[in-house]
Amino acid sequence: MRINIGRNLQRRFRSLVAIEGDLFLLGRWQSRIALFSVLTCLIVISSIAHAAIPVIDLKQAVDTFVQSIPGSGQGGYKDPTCDLIARTRLVKGFQKARNGQLLRASKHLALVNYAARIYVDSGTGREVVILQEEKVNGAYPRAWGLYVIAWPPKQNLSNLVVEVPHACPKAPNGCDGGDTDSHLVGVEAFRSANARYLFINGAQRNATSLSDVAHQPESAFEKIHEAALDPIQMGLGASVKVYQAHRFFTGNHDGQNGDPPPPVDNVNPGMEGVADVVVSNGTNTPTGTLAETVAVAVEAKDSLFFFVCLANGAGTCSDLAATTNVQKDHMYGGSFVHVEANESVYVCGSSCRRDQLAQAVAGAMK
């Protein structure tokens, strides 16, 4: 309904402009009156069109979605290799939407229980389109994720893609992977950088043995990542920048009971103590890359709080370096930046440290 209204308004715009051109033939005075009338109509129609778009808080909307996805050990994630037609339809729907073809996108998406809806984000005043799966009998049929597109696509020139592959609900046992609230960092970065895309996984990484989309090359999340980047698929190509937001638990990286040693701050102006943030590009050679720029920017945001380890394969934080991440393996010449932050950074008081992290990353990458 909203899409049809938009198309009808566009037709009326064109008709009014054509009428305005004809009225100029009536004479100078009459044409001025006609022009005033046309402009008044255009303003009214524009106001009606904007008012027809629902306003949401994007951060709240994404959080509501994440709290509804399957948690650790809860199942609910469908193996995409057992449903290849559905995966293809979802990717096609994303491709049509990112090209601005919302009606065509909706036709593909409806076949896999997804809807494409346009909203105004109250946090920024900008329009976004959200591709979200509809529940059936209280559960997601496939749990393949949520995808946000800055709208309209042709007016967003950003090459930044924000990805959150390990989002997880807070329900009991819902987030045993340690990535609680990583989706909130993702939304803040998407907003702060006016990024092009925001991708959120659809099931906790341990919901099933296949639901960790950062390490599953056949996931729908990965295939949409590829469609967004691959130049052959009209993706962003070598100019793309991908930021992945993650979180780690200090107790799993303290050198105790066989755990890896703590990450060490090796970025100026800190260069001392245990790090609370780890930045990597998925390789052991980060020097001179965008990852190094991000690491410096995060530490400079507040050098008395942010202590950053730039993963360089030397053992200081190599266990958190994303070297097996599948999105990193499909970058088509673009830049991949993986940021892990511990629980202290995720505190949102005054200041909201997780927002500061997201803003520092966005500033360095936009």
Side-chain angles (χ1 to χ4, degrees), residues 72-73 77 79-81 87 143-145 161-168 175-180 182-183 185-186 199-230 235 240-255 258-264 266 275 277-287 289-292 294-295 308-342 361 365:
S72 179
Y77 175 81
D79 179 0
T81 63
R87 188 183 69 182
W144 284 353
V161 181
V162 179
E163 297 181 342
V164 186
H166 288 160
C168 51
C175 209
D176 65 359
D179 282 88
T180 306
S182 58
H183 60 288
V185 175
F199 300 159
I200 311 288
N201 61 296
Q204 198 270 346
R205 63 190 300 182
N206 296 321
T208 74
S209 61
L210 297 174
S211 58
D212 183 351
V213 297
H215 300 94
Q216 291 295 329
E218 298 303 319
S219 73
F221 186 98
E222 166 61 17
K223 295 307 176 185
I224 288 180
H225 165 91
E226 293 175 18
L229 273 63
D230 184 0
V240 75
K241 295 172 283 188
V242 172
Y243 162 49
Q244 281 200 355
H246 293 261
R247 171 174 169 168
F248 72 94
F249 177 53
T250 302
N252 294 335
H253 300 270
D254 58 5
D259 289 336
V264 177
N266 61 359
V277 177
V278 175
V279 179
S280 71
N281 64 354
T283 76
N284 294 326
T285 55
T287 302
T289 67
L290 184 56
E292 183 177 32
V294 169
V308 182
C309 180
L310 180 63
N312 55 21
T316 54
C317 50
S318 58
D319 55 300
L320 293 167
T323 54
T324 60
N325 186 291
V326 297
Q327 284 79 54
K328 174 266 302 182
D329 291 335
H330 298 88
M331 288 301 302
Y332 306 94
S335 298
F336 177 81
V337 178
H338 179 277
V339 181
E340 297 263 7
N342 72 13
V361 174
M365 295 188 69

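Side-chain contact check for V242 versus L229: some heavy-atom pair is nearer than 4.5 Å. At least one side-chain heavy atom of D212 sits less than 4.5 Å from a side-chain heavy atom of H166. The side-chain heavy atoms of V294 and Y243, taken from C-beta on, include no pair separated by under 4.5 Å. At a threshold of 4.5 Å between non-hydrogen side-chain atoms, the residues N281 and L290 do not count as touching. Annotation: side chain of H246 is not in contact with side chain of S182 (no heavy-atom distance under 4.5 Å). Side-chain contact between Y332 and V240 is absent, with no heavy-atom pair separated by less than 4.5 Å.
A salt bridge (Lys or Arg N to Asp or Glu O under 4.0 Å) check over residues 309-332, counting only residues at least two apart or in different chains, returns nothing.
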> Step by step, would you call H330 with H225 a side chain to side chain donor-acceptor pair (under 3.5 Å)?
Replying inline: CA-CA 8 Å; H330 298 88; H225 165 91; 5.8 Å; no

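Listed by chain and residue number, Y77, V213, Q216, F221, E222 satisfy the side chain to side chain contact (heavy atoms under 4.5 Å, CB included) test with S219 (two or more places apart in sequence, or in another chain). Annotation: side chain to side chain contact (heavy atoms under 4.5 Å, CB included) contacts of S318 (sequence neighbours excluded): none.
Summarising the geometry, atom CG belonging to D259 is positioned 9.5 Å from atom CZ belonging to F249; distances are rounded to the nearest 0.5 Å. Rounded to the nearest 0.5 angstrom, T324 OG1 and H215 NE2 are separated by 3.5 Å. Here T285 contributes atom OG1 and N312 contributes atom CG; the two are 10.0 Å apart, rounded to the nearest 0.5 Å. The line from NE2 of H338 to OG of S280 is 5.5 Å long, rounded to the nearest 0.5 Å. Rounding to the nearest 0.5 Å gives a distance of 8.0 Å between CG of N342 and CZ of R247. Here SG of C317 is found 6.0 Å from CG of N266. Values are rounded to the nearest 0.5 Å.
Judged purely by atom type and a 3.5 angstrom limit, R205 has no side-chain atom pairing as donor or acceptor with the backbone of A214. Put simply, the side chain of D230 never gets that close to the backbone of G235: no donor and acceptor are under 3.5 Å apart. The backbone N or O of K241 lies less than 3.5 Å from no partner atom in the side chain of S335, so there is not a single donor-acceptor pair.
Between Q244 and Q327, the side chains place a donor N or O and an acceptor N or O closer than 3.5 Å (distance only, hydrogens not considered).
When every heavy atom of F336 is checked against every heavy atom of G282, the shortest pair comes out as CD2-N, 4.3 Å. Considering every non-hydrogen atom in both Q204 and C168, the closest pair reads CG-CB, 3.4 Å.
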